[in-house]
Amino acid sequence: MGLTAVVFEVARPWAVAGFWSDLVEWQVMEDGPGRVEVFSKDFTLAFEESPVPKTVKNRIHLDLASPSAAVQKSIVDRALSLGATRADIGQRGELPWEVLADPAGNEFCVLEPRPEYTGTFAAVVLDAGPIEPAAFDRLGEFWSATTGWPIHRRHPVQLGLRAPEGTGPWLEVLLDGDAKQVEDRVRFEVTGPEPGPHQDPEGNDFRVVSPA
């Protein structure tokens, strides 16, 4: 078991994959018709061709890590030079992190330095929407069981899951966002014994694939 990829549905997979490959300096390859992957040894971003336009904020987003304020600024500047734009997702006031969107409009954050985050990506974040605390806890336990990643951090509005080997990004479940309005254009891909499309207890789509 394990979270192996975040999959984005986009109109132009090569273009969006090229942006991410240039930004994080990971390898890029085609993985079958209409699917392009940007990958490291620990994690994969996959971009699949879809004609469906993006109409609402994604329920899953990426957080990039930075070891210093200077590096954070350089990541933001580089992202903007490659075609990212600043995104308004309702944030208010001065925040220590930057909210951007890739050329396909997929939101992501560039975080200020935080000691718990190392590597390229700090976390992949699932917005759970407005659910009751008990349902929020069940959602976290579901993803822990599905990925095999223990819950290392428990807060009233955030759960943090981490791969047992301590590599790759955190998986964070956040008690935030709106209720699901449309079919998910961004989803998790996990390895497991029942390949195919699935939904978590709150209706978030994900895909199970066979281990390589």
Whether F206 and H198 hold their rings parallel, tilted or perpendicular, with breakpoints at 30° and 60°: parallel
Spacing of OG1 belonging to T44 relative to CD belonging to Q27, to within rounding of 0.5 Å: 10.5 Å
Inter-residue atom distance N106.CG - N58.CG, 0.5 Å rounding: 5.0 Å
Where A135 and E202 come nearest, the two heavy atoms and their spacing: CB-OE2, 3.8 Å
Between CG on residue L126 and CZ on residue R59, distance to nearest 0.5 Å: 6.5 Å
Ionic contact status for E107 with R185, cut-off 4.0 Å: no
Polar side-chain atom of Q72 near backbone of V110 as donor-acceptor pair, under 3.5 Å: yes
Lys/Arg N to Asp/Glu carboxylate O, E9 vs K54, below 4.0 Å: no
Pair E37 + R35: basic N to acidic O under 4.0 Å: yes
Centroid-centroid distance, W26 to F121, less than 6.0 Å: yes
Pair E165 + K41, salt bridge at N-O below 4.0 Å: no
Cationic N near anionic O, under 4.0 Å, D176 to K57: no
Over 12 non-hydrogen atoms of neighbours within 6.0 angstrom of CZ in R153: yes
